[in-house]
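What follows is one structure encoded as structure tokens, with my remarks underneath.
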Amino acid sequence: MAKDSKRERRGPMARDPKLDSLRVEPTGKCWWCGARADSQEHRFKHSSLRRVADGKGPQNVFKKSDDYSDVLKSLSKGSQVRWPKNLCANCNNVRSQPFDYAYDRFEEFLFAHGREMRDWERLDWSTIYGQEWQQSSTDLARYFGKQIGCMLTAQDLPVPGELIAFLDGAERCPSVCFMLFRNWRGVAADRTMRRHGAVDDGLMSFIGLLPSTAYTTEGIFSGVDYGYHIGYVWILAQWRAGTDRSSWFEHPSIDVPLVNGSLRDQLGWLPHQLHMEYRHLSSVFRTFVGKDRKARPES
């Protein structure tokens with residue numbers, strides 16, 4: 001069993017029975033402010049899903065997860081795109097509006113710079129947010145902090161008090177570390193897709209949640225990992241009770257490390273890379289043969 005210091009890894013966040021002893025009784029109240037919970041937060045922003053759908057509706061968006069593997073039925077409602085009702089409408093639609101704006105600008109930037117950002121080892125927040133970089137990068141972290149709260153409440157797990165204080169306006173959230181990474185496998189896939197024109201925007205049109213894990217310390221809920229990706233860019237947030245770590249909004253520029261890029265990882269990814277190249281060559285060959293046959297005069 002893997003451990004984080006004295007923390008025991010308790011399995012993925014997929015209603016794992018190992019988490020049952022940690023769950024709290026549902027209250028039907030907004031986990032943020034305590035009002036009646038009557039609103040559902042999107043797991044993926046509606047605007048993001050519309051961009052992925054590219055004007056073709058939910059039938060153009062395929063989702064694969066622990067409990068679903070099919071095209072979406074809707075871009076705006078349903079358990080596959082929304083968390084359960086665990087926020088009030090005011091918190092979900094008014095108080096968190098600056099968080100949504102910060103996320104929108106971040107996603108638009110990644111979408112516009114997806115080709116060149118593959119090679120960026122550092123990110124200067126002012127290139128996205130200008131002089132207001134500190135407030136906006138903090139609100140970006142709060143957007144994902146809100147997602148963590150919705151995810152935990154959906155699992156009937158308690159939301160850390162420091163996280164709620166951060167959403168309420170605290171300058172820091174010491175026990176939650178917000179980080180950015182580039183996934184090497186995603187970078188390689190993006191290059192292949194753009195080179196062959198398979199998808200105009202490469203991998204940046206692929207969004208999703210990464211596997212989440214909960215931790216305990218001496219039987220007490222003490223940590224959780226939350227992950228989200230936009231193309232090859234990974235957004236990771238780690239809550240570890242009782243810790244004090246720095247997050248991205250505390251620095252004007254940050255490292256964007258490359259993960260899954262060791263020689264072993266690259267060799268393990270090679271079959272997938274070759275498969276993508278083979279599929280492209282097969283498609284080109286079929287197209288060429290079809291055109292050649294149409295061009296031949298009948299005998």
Side-chain angles (χ1 to χ4, degrees), residues 44-45 47-48 51-52 96-148 162-163 166-167 169-195 199-210 225-240 243-262 265-266:
F44 320 96
K45 284 205 68 179
S47 57
S48 302
R51 177 172 64 78
V52 173
S96 59
Q97 195 172 66
F99 313 165
D100 293 330
Y101 288 156
Y103 175 86
D104 288 341
R105 291 179 64 181
F106 177 69
E107 184 184 74
E108 289 169 4
F109 181 86
L110 296 187
F111 194 66
H113 297 274
R115 187 183 298 272
E116 62 265 31
M117 195 175 170
R118 295 179 308 214
D119 301 316
W120 292 5
E121 297 181 358
R122 291 189 64 80
L123 174 65
D124 188 332
W125 285 117
S126 65
T127 61
I128 302 177
Y129 297 120
Q131 293 184 350
E132 60 188 41
W133 68 267
Q134 193 161 29
Q135 180 64 55
S136 295
S137 63
T138 302
D139 284 341
L140 178 66
R142 290 186 175 120
Y143 171 85
F144 290 108
K146 179 184 171 186
Q147 291 289 319
I148 295 171
E162 279 190 355
L163 183 61
F166 182 54
L167 299 188
E171 292 184 0
R172 300 185 66 239
C173 189
S175 60
V176 181
C177 183
F178 296 90
M179 303 165 286
L180 289 181
F181 296 90
R182 292 167 298 142
N183 176 25
W184 179 87
R185 294 180 179 180
V187 167
D190 185 78
R191 285 200 175 98
T192 301
M193 295 167 73
R194 290 179 189 271
R195 184 170 66 250
V199 178
D200 291 341
D201 303 308
L203 198 70
M204 304 313 289
S205 290
F206 290 71
I207 61 174
L209 292 170
L210 301 174
D225 297 333
Y226 169 88
Y228 186 90
H229 78 89
I230 304 171
Y232 55 80
V233 177
W234 283 9
I235 300 99
L236 299 182
Q238 295 180 333
W239 169 58
R240 299 292 186 269
T243 63
D244 188 340
R245 294 183 293 170
S246 178
S247 290
W248 68 45
F249 51 86
E250 299 178 68
H251 311 278
S253 63
I254 58 170
D255 290 330
V256 189
L258 196 64
V259 296
N260 292 330
S262 68
D265 288 328
Q266 293 187 32

(Q) Pair Val256, Glu121 - check side chain to side chain contact (heavy atoms under 4.5 Å, CB included), show working. (A) CA-CA 5 Å; Val256 189; Glu121 297 181 358; over 6 Å; no

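- Remark: the backbone N or O of Leu123 is not paired with any side-chain donor or acceptor of Thr127 at under 3.5 angstrom.
- Between Gln238 atom CD and Tyr226 atom OH the span is 14.0 Å, to the nearest 0.5 Å.
- Residues Glu162 and Arg172 are not paired through a salt bridge, judged by the lack of any N-O separation under 4.0 Å between the basic side chain and the carboxylate.
- Put simply, the side chain of Arg122 gets close to the backbone of Ser253: a donor and an acceptor are under 3.5 Å apart.
- Looking at every heavy atom in both residues, Phe249 comes nearest to Glu171 through CE1-O, 3.5 Å.
- Residues Ile128 and Phe106 have side chains in contact (heavy-atom distance under 4.5 Å, counting atoms from C-beta outward).
- Judged purely by atom type and a 3.5 angstrom limit, Ser205 has no side-chain atom pairing as donor or acceptor with the backbone of Arg51.
- Considering every non-hydrogen atom in both Tyr129 and Ala102, the closest pair reads OH-O, 2.7 Å.
- Here the side chain of Arg142 pairs no donor or acceptor atom with the backbone of Leu163 at under 3.5 angstrom.
- Nearest approach of Asp139 to Pro98, heavy atoms of both residues: OD2-CB, 3.7 Å.
- Classification of Arg240 and Asp225 as a salt-bridged pair holds, one side-chain N sitting under 4.0 Å from a carboxylate O.
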Q: Check the pair Arg118, His113 against side chain to side chain contact (heavy atoms under 4.5 Å, CB included), reporting the backbone distance first and the verdict last.
A: CA-CA 9 Å; Arg118 295 179 308 214; His113 297 274; over 6 Å; no

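- In terms of modelled atom types and a separation under 3.5 Å, the side chain of Ser137 and the main chain of Gln134 share a donor-acceptor contact.
- Qualifying ring-ring contact (aromatic ring centres under 6.0 Å, His included) partners for Phe181, counting only residues two or more places apart in sequence or in other chains: none.
- Contact of the Phe99 side chain with the Leu167 side chain is registered, since non-hydrogen atoms from C-beta on lie closer than 4.5 Å.
- In this structure, the side chains of Leu140 and Trp248 come closer than 4.5 Å at one or more pairs of heavy atoms.
- Applying the ring-ring contact (aromatic ring centres under 6.0 Å, His included) criterion to Trp234, with sequence neighbours excluded, gives no partner residue.
- The environment of CD in Glu116 is crowded: more than 12 heavy-atom neighbours from other residues, nucleotides or ligands sit within 6.0 Å.
- To the nearest 0.5 Å, atom CH2 of residue Trp133 and atom NE2 of residue His251 are 8.5 Å apart.
- Note: Tyr228 OH to Ile235 CD1 = 7.5 Å, rounded to the nearest 0.5 Å.
- By the 4.5 Å heavy-atom criterion applied to side chains, Asp104 and Ser47 are counted as neighbours.
- Nearest heavy-atom pair across Cys177 and Ser247 is CA-OG, 3.4 Å.
- Distance alone, capped at 3.5 Å, is enough to place a donor-acceptor pair between the Asp190 side chain and the Leu203 backbone.
- Glu132 and Arg105 are joined by a salt bridge, as a carboxylate oxygen and a charged side-chain nitrogen come within less than 4.0 angstrom of each other.
- Here the CH2 atom belonging to Trp125 is positioned 9.5 Å from the OG1 atom belonging to Thr138, to the nearest 0.5 angstrom.
- Using a distance-only test at 3.5 Å, with no hydrogens or angles considered, a donor-acceptor pair links the side chain of His229 to the main chain of Gly231.
- In this structure, the side chains of Leu110 and Met117 come closer than 4.5 Å at one or more pairs of heavy atoms.
- Side-chain atoms of Arg115 and Arg191, non-hydrogen and from C-beta on, never get closer than 4.5 Å to each other.
- A 4.5 Å side-chain heavy-atom check between Ser48 and Glu107 finds at least one atom pair inside the cut-off.
- Counting only heavy atoms from C-beta outward, the side chains of Phe111 and Asp201 approach each other to under 4.5 Å.
- The distance between the ring centers of Tyr143 and Tyr103 falls below 6.0 angstrom.
- Using a 4.0 Å cut-off between charged side-chain N and carboxylate O, Arg182 and Asp255 make no salt bridge.
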Q.
I'd like to know whether Gln131 forms a side-chain hydrogen bond (donor to acceptor under 3.5 Å, both in side chains) with Ser126, so could you lay out the CA-CA distance, the side-chain angles of the two residues, the decisive distance to 0.1 Å, and finally the verdict.
A. CA-CA 6 Å; Gln131 293 184 350; Ser126 65; over 6 Å; no

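- Note that CG of Leu236 and CZ of Phe178 are 11.0 Å apart. Values are rounded to the nearest 0.5 Å.
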